[in-house]
Amino acid sequence: MKQTIFLCTALLAAGGCTPASDSEASGTFEATEIVVSAEASGRILAFEVEEGDSVTAGVTVGTIDSVQLYLQKLQLERQQASVRSNRPDIEKQAAALREQIAKQRTERQRIENLLKEHAATTKQRDDIDAQIKVLEGELDALLSTLRNNAAAIDENASALDLQIAQIEDRLAKCRIAAPVSGTVLAKYAEAGELASPGRPLMKVADLRRIHLRAYVTSAQLASIRLGQAATVTADFGDGQRFEYPGRVAWIAQESEFTPKTIQTSDTRANLVYAVKIDVVNDGRLKLGLYGEVSFE
């Protein structure tokens, strides 16, 4: 028996055996917290969430006063309608000249027929040709002017389209919505208060998938890799401990000093590396809860 104890002690001293504690670490449970801030100025008309409520990504939970923006949009739409009403009807305005040209060409054909019978002169035909050229020149000039005017009006209308789109974007930002589905951790504003761009309104986190932020020594780091399976043990106190399967999702690239609240397997270690182990929350895990991890 003494020989067996002596042999195991010798192997441990030589590095042939690794104590189970070398592959363990501890830390606290965290989640990715998102602070939702106001994107518009105005009075908060409604903000129907409370701390602990569940929110769905993209679903409106509050609104900021947008009356002035809506009136600006109406004004721009009326201005745009007025601009487009001045757009010339090219076909109608050019119809009269085209009709005159058609009549002159018919007259020229009649004179051409009379020339064959020696009942008209070439001067009459030349005069008709000259009139046709003059009318065609007037038509080209009119079409050029009308097309330029129409293009300018279309450009002005397009510029108003952009201004309307900007107003619509600002109107959309008057809606308060969570960017992700999750739970409201904190609420910083109430209905009736004034909002301004950048003012925090609430904090949201997805508590269905959280992670344990643990710290390991450099000696432990050599045997840990991304995607590695692990067993996370949550300590609820009074001997209540529950195990959860986890997976290493992140390993810090730089070391840091050991947080005072964290105990490592090697209490002499001043520098440690942070790791995150993803865990599926069954509803019992809470942020800030103490936990331990054992890497497989």
Check whether Q109 reaches the backbone of T106 with its side chain - one donor and one acceptor, N or O, closer than 3.5 Å. no
Quick check against the 3.5 Å criterion: does Q124 have a side-chain atom that pairs as donor or acceptor with the backbone of T121? yes
Decide salt bridge (charged side-chain N to carboxylate O under 4.0 Å, His left out) for K133 and D129; before the verdict, give the C-alpha distance in whole Å, the side-chain angles of both, and the deciding distance to 0.1 Å. CA-CA 6 Å; K133 288 183 179 179; D129 289 339; over 6 Å; no
Show the numbers, then the answer: is there a side-chain contact (heavy atoms from CB on, under 4.5 Å) between I167 and L171? CA-CA 6 Å; I167 295 296; L171 284 170; 4.1 Å; yes
Residue pairs passing the side-chain hydrogen bond (donor to acceptor under 3.5 Å, both in side chains) test where at least one lies in residues 146-166, sequence neighbours excluded: Q80-D161, R84-D161, R87-D154
Going by heavy atoms in the side chains, are F29 and N281 under 4.5 Å from each other? no
When rounded to the nearest 0.5 angstrom, what is the spacing between CZ in R170 and CG in L69? 4.5 Å
Is there a chain of hydrophobic side chains (I, L, V, M, F, W, Y, each step under 4.5 Å between heavy atoms) that links V204 to I210? no
Rounded to the nearest 0.5 Å, what separation is found between the CZ atom of R108 and the CD1 atom of I101? 14.0 Å
Decide yes or no for L71 and Q75: does some side-chain heavy atom of the first lie under 4.5 Å from some side-chain heavy atom of the second? no
Report whether V55 and I176 are members of the same hydrophobic cluster (ILVMFWY, side-chain heavy atoms less than 4.5 Å apart, transitive linking). yes
What are the two closest heavy atoms between E30 and L287, and how far apart are they? C-CD2, 3.7 Å
Backbone N or O of A141 within a donor-acceptor pair of the T145 side chain at under 3.5 Å? yes
As a quick check of understanding, evaluate side-chain contact (heavy atoms from CB on, under 4.5 Å) for S223 and Q228, giving each step before the final call. CA-CA 10 Å; S223 60; Q228 181 177 352; 5.9 Å; no
Linking I/L/V/M/F/W/Y whenever their side-chain heavy atoms sit closer than 4.5 Å, directly or via other members, would V232 and L226 fall into one cluster? yes
Less than 4.0 Å between a side-chain N and a carboxylate O, is that true for E107 and K103? no
Non-hydrogen side-chain atoms of R213 and W250 separated by less than 4.5 Å: yes
Membership question, hydrophobic clusters at under 4.5 Å side-chain separation (ILVMFWY): are V279 and V216 in the same one? yes
First locate atom CG of L207, then atom CD of E33, and finally report the distance between them rounded to the nearest 0.5 Å. 8.5 Å
Within a reach of under 6.0 Å around OH of Y188, are more than 12 heavy atoms found that belong to other residues, nucleotides or ligands? yes
Within this structure, what is the CD1-CZ distance for the pair I224 and F295, rounded to the nearest 0.5 Å? 3.5 Å
Write down the atom of S26, the atom of Y290, and the distance for their closest heavy-atom approach. CB-OH, 3.0 Å
So I277 and R247, do their side chains get closer than 4.5 Å, heavy atoms only? no
Looking only at heavy atoms, which two atoms of A274 and E256 are closest? And how far apart? CB-OE2, 3.8 Å
Over all heavy atoms of both residues, which pair between A195 and I64 is shortest? Give the atoms and the distance, please. CB-CD1, 3.9 Å
Is there a salt bridge (charged side-chain N to carboxylate O under 4.0 Å, His left out) between E292 and R241? Walk through the geometry before answering. CA-CA 10 Å; E292 297 178 349; R241 297 167 64 86; 3.2 Å; yes
Check whether any side-chain N or O of R199 sits under 3.5 Å from a backbone N or O of L194 as a donor-acceptor pair, and report yes or no. yes
Within the 4.5 Å heavy-atom criterion, are Y244 and L212 side-chain neighbours or not? no
Check for a donor-acceptor pair, side chain of D282 on one end and backbone N or O of R284 on the other, with a separation under 3.5 Å. yes
Is there a side-chain contact between T32 and V180 in this structure, where contact means two heavy atoms from C-beta onward sitting under 4.5 Å apart? no
Same cluster for L185 and L289 if Ile/Leu/Val/Met/Phe/Trp/Tyr side chains link at under 4.5 Å? yes
Say you draw a straight line from NZ of K286 to CZ of F236; how long is it, rounded to the nearest 0.5 Å? 8.5 Å
Nearest heavy-atom neighbours spanning A234 and L285: CB-CD2, 3.5 Å
So, do N113 and E117 sit near enough that their side-chain heavy atoms are less than 4.5 Å apart? no
For K116 and E112: C-alpha separation, side-chain torsions, deciding distance, then whether salt bridge (charged side-chain N to carboxylate O under 4.0 Å, His left out) applies. CA-CA 7 Å; K116 293 178 181 179; E112 191 71 31; 6.0 Å; no
On a heavy-atom basis, which atom in C174 and which in S66 lie closest, and how many Å separate them? SG-CB, 3.7 Å
Once rounded to the nearest 0.5 Å, what's the spacing between atom NE2 of H211 and atom NZ of K276? 4.0 Å
Is any side-chain heavy atom of R105 closer than 4.5 Å to a side-chain heavy atom of I132? yes
Identify each donor-acceptor pair in which a side-chain atom of residues 41-52 lies under 3.5 Å from a protein atom, sequence neighbours left out, and give them as a table.
from, atom 1, to, atom 2, distance (Å)
R43, NH1, G192, O, 2.7
E50, OE2, K187, NZ, 3.4
E51, OE2, K187, N, 3.3

